[in-house]
Amino acid sequence: MCSIIGYCGAVADLEAFQKGFARTHSRGPDDTRIVPAGQGLFGFHRLAIMGLHPEGMQPFALNGNILVCNGEIYGFEKFRRALEGEYTFVSQSDCEVLLPLYEKHGTDMFAMLDAEFACILYDARTGSYIAARDPIGIRPLYYGYDANGTIVFASEPKNLVGITQRILPFPPGHYYRDGEFVCYCDIARVDRVVEDDLDTICRNIRTKLIAGVRKRLVADAKVGFLLSGGLDSSLVCAIAARESEEPIRTFAIGMSEDAIDLKYARQVADYIGSDHTEVIIRREDVLAALEPVVELLGTFDITTIRASIGMYLVCKYIHENTDIRVLLTGEISDELFGYKYTDFAPSAQAFQEEAEKRIRELHMYDVLRADRCISVNSLEARVPFGDLDFVKYVMAVNPQRKLNRYGKGKYLLRRAFEGDYLPTEILWREKAAFSDAVGHSLVDHLKAYAESLYTDEQLEQKRKQYQHAQPFTKESLLYREIFETYYPGQSQMIVDFWMPNKSWEGCNVDDPSARVLSNYGDSGK
């Protein structure tokens, strides 16, 4: 990961700007640079992944135009080849292609990219400031306006605290220019329903996911893998093991007393021949991590915080004990193929509408979790299930096919990889939610801690001071109070709590964990 900031006009408070940008130094500890961009300033903290030499340092400049980008541009080599007659490249950085692409195509460039990116650009010819974000929002970008009405963009909300009064997430799949946000790609919208037969659908899912993993293995820095033992991360690791000449390095985390998935992760690691590490945590580790995790996340959401504690701690271990710089993860599968609660979808249309909603909101939940937990430990996240071609295809598959009519969730994905990628019992087992899989005790410890802090009367009194996303349990109140310490009055950055669709029968629950659903069954055993 890297960190970017763009003050798009005269800087009202230089000290606040520098202080805010310094808060995300861990995203890019290799080098830092701040340069003038028109009347404003652009800043870049670098984590070198592609093109490790100093020439790859940003901001990039071309004919007076200035650009900073936190991103991976997949297939950038084809752009380089097409541009080489017109432009002399000075580095091996994938992001160097963006300025010459912009000179040639303008803002049409963004729809051409197969990328996870957030960027800010100054156009010297027009004096315009432009910003853009990938269609899923895998790379973070936020914005706000200073007291003079000048817009400021930055990688994380913490960059903007003290600079802008209100902090908002930059909408994924959009670019900003001259005061207007323009949608260049709504990846959740389906223009044509895929009516392929079951065998064709599964074959395409398999082919496209393999391609998504393969392109994310390309890095000049060392690559590792988070392996929970569930279907999604296990498939990513199994594909990567086949695509790699050397054994891949995998990492799993679990509570000391009741880690559900450690044994399954070990089984997968043994099967694919990975160099596997287990990280064991205890109650004191969980509680000590709580406040730092809420601060680094910038959220009050219950399930995001629960799941982030294990992820943060395993990434912290990787940062402190290895030379790995890139991590592949299994996020975004659930939104495409279904959660436990989507078994209750009353119709195929309802399933599809829920998937569209979750994909559009991902940048505030699971994607946010992966980005912050990984980047705060000076690592880069790559998400194969977020491959644009893969997401577009799965979203377009007739939702009748994606409903759980098979007695097994994520049937299409499981069937797509029947064979010898994974042991049969791993391919077809029901997975616990990540926070539960780390160990049921993780959530139990957090709930008990919150219970010790508030009486029932205090909960009722304190929760009423919040109008937006009002806390409804002692645990959610605890998280909100920590959040407000670091991001006072900024709860609108997150639309609401991530919860099952309460309008569906069987989903009107008061906890986001799938553990409370009647169909949880063998999940997490």
Side-chain angles (χ1 to χ4, degrees), residues 253-261 280-314 316 339-341 364-366 368-369 372-373 432-491 494-500 502 506-518 520 523-525:
I253 189 165
M255 295 295 294
S256 56
E257 60 265 44
D258 62 351
I260 296 169
D261 273 3
I280 307 300
I281 55 175
R282 294 169 174 78
R283 175 183 180 276
E284 52 267 31
D285 301 313
V286 171
L287 297 183
L290 176 57
E291 185 163 340
V293 162
V294 175
E295 190 270 335
L296 70 91
L297 290 173
T299 188
F300 51 80
D301 179 61
I302 303 164
T303 194
T304 304
I305 292 167
R306 289 175 179 176
S308 292
I309 289 176
M311 194 172 211
Y312 164 73
L313 290 172
V314 72
K316 184 173 185 288
Y339 294 86
K340 294 298 293 185
Y341 83 85
M364 293 181 280
Y365 301 107
D366 279 10
L368 180 151
R369 165 172 56 84
R372 303 300 195 278
C373 293
F434 179 63
S435 54
D436 288 340
V438 172
H440 284 173
S441 61
L442 184 149
V443 173
D444 295 342
H445 291 319
L446 291 169
K447 286 184 172 181
Y449 177 59
E451 189 69 30
S452 72
L453 296 177
Y454 310 102
T455 64
D456 293 344
E457 292 75 16
Q458 286 173 322
L459 169 62
E460 286 306 308
Q461 178 188 2
K462 287 175 174 287
R463 65 190 290 270
K464 291 176 182 176
Q465 65 184 294
Y466 304 110
Q467 299 305 308
H468 171 251
Q470 190 173 89
F472 56 95
T473 63
K474 293 176 183 178
E475 182 188 11
S476 62
L477 175 61
L478 169 61
Y479 299 163
R480 182 59 172 271
E481 289 192 333
I482 298 173
F483 171 87
E484 293 291 339
T485 300
Y486 295 98
Y487 305 94
Q490 300 295 341
S491 68
I494 308 297
V495 67
D496 205 345
F497 294 103
W498 191 106
M499 294 286 286
K502 291 192 173 190
C507 294
N508 189 12
V509 293
D510 62 359
D511 191 289
S513 173
R515 252 204 283 174
V516 303
L517 298 175
S518 62
Y520 196 57
S523 298
K525 292 185 178 178

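Keep in mind that this is a model prediction, so the values were computed, not measured.
Note that the CD1 atom of Ile260 and the CE atom of Met255 stand 11.5 Å from one another [nearest 0.5 Å]. The OG1 atom of Thr299 sits 9.5 Å away from atom CZ of Arg372, with the distance rounded to the nearest 0.5 Å. To the nearest 0.5 Å, atom CD1 of residue Ile305 and atom OH of residue Tyr312 are 14.5 Å apart. Residue Thr473 holds its OG1 atom at 8.0 Å from CG of Asp510, rounded to the nearest 0.5 Å. One distance of note links OG of Ser308 with CG of Leu296; it measures 7.0 Å at 0.5 Å rounding. Rounding to the nearest 0.5 Å gives a distance of 5.0 Å between OH of Tyr487 and CD of Glu295.
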For Thr304 and Met364, what are the C-alpha separation, side-chain angles and deciding distance, and is it a side chain to side chain contact (heavy atoms under 4.5 Å, CB included)?
-> CA-CA 9 Å; Thr304 304; Met364 293 181 280; over 6 Å; no
Might you work through the side chain to side chain contact (heavy atoms under 4.5 Å, CB included) test for Cys507 and Lys502, ending with a clear yes or no?
-> CA-CA 5 Å; Cys507 294; Lys502 291 192 173 190; 5.7 Å; no
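A 4.5 Å side-chain heavy-atom check between Leu368 and Ile494 finds at least one atom pair inside the cut-off. No side-chain heavy atom of Asp496 sits less than 4.5 Å from a side-chain heavy atom of Asp301. Annotation: side chain of Ile309 is in contact with side chain of Leu446 (closest heavy-atom distance under 4.5 Å). A heavy-atom distance below 4.5 Å is not found between the side chains of Phe300 and Tyr466. A heavy-atom distance below 4.5 Å is found between the side chains of Tyr479 and Leu290. Looking only at side-chain heavy atoms (C-beta outward), Pro500 and Val509 come within less than 4.5 Å of each other. You'll find the side chain of Val438 stays beyond 4.5 Å of the side chain of Asp261, heavy atoms only. By the 4.5 Å heavy-atom criterion applied to side chains, Asp511 and Met499 are not counted as neighbours.
The two residues Tyr454 and Leu478 have their closest heavy-atom pair at OH-CA, 3.3 Å. In this structure, Ile253 and Gly310 approach most closely via the heavy-atom pair CD1-O, 3.2 Å. Looking at every heavy atom in both residues, Gly254 comes nearest to Ala259 through CA-CB, 3.6 Å.
With hydrogens and angles ignored, the 3.5 Å screen pairs a side-chain donor or acceptor of Asp258 with a backbone N or O of Ser441. When atom types are taken as modelled, the side chain of His468 and the backbone of Val495 share a donor-acceptor pair closer than 3.5 angstrom.
Here Lys447 does not pair with Asp444 in a salt bridge; the nearest charged N to carboxylate O distance is not below 4.0 Å.
Ser491 and Arg480 share a side-chain donor-acceptor pair at under 3.5 Å.
Residues satisfying the side-chain contact (heavy atoms from CB on, under 4.5 Å) test with Glu291, not counting sequence neighbours, are Ile482, Tyr486. Here Thr455 pairs with Glu457, Gln458 under the side-chain contact (heavy atoms from CB on, under 4.5 Å) rule; sequence neighbours left out.
Applying the salt bridge (Lys or Arg N to Asp or Glu O under 4.0 Å) definition to pairs two or more places apart or across chains, those involving residues 459-476 are Arg306-Glu475, Glu451-Lys474, Asp456-Lys474, Glu460-Arg463, Lys462-Glu481.
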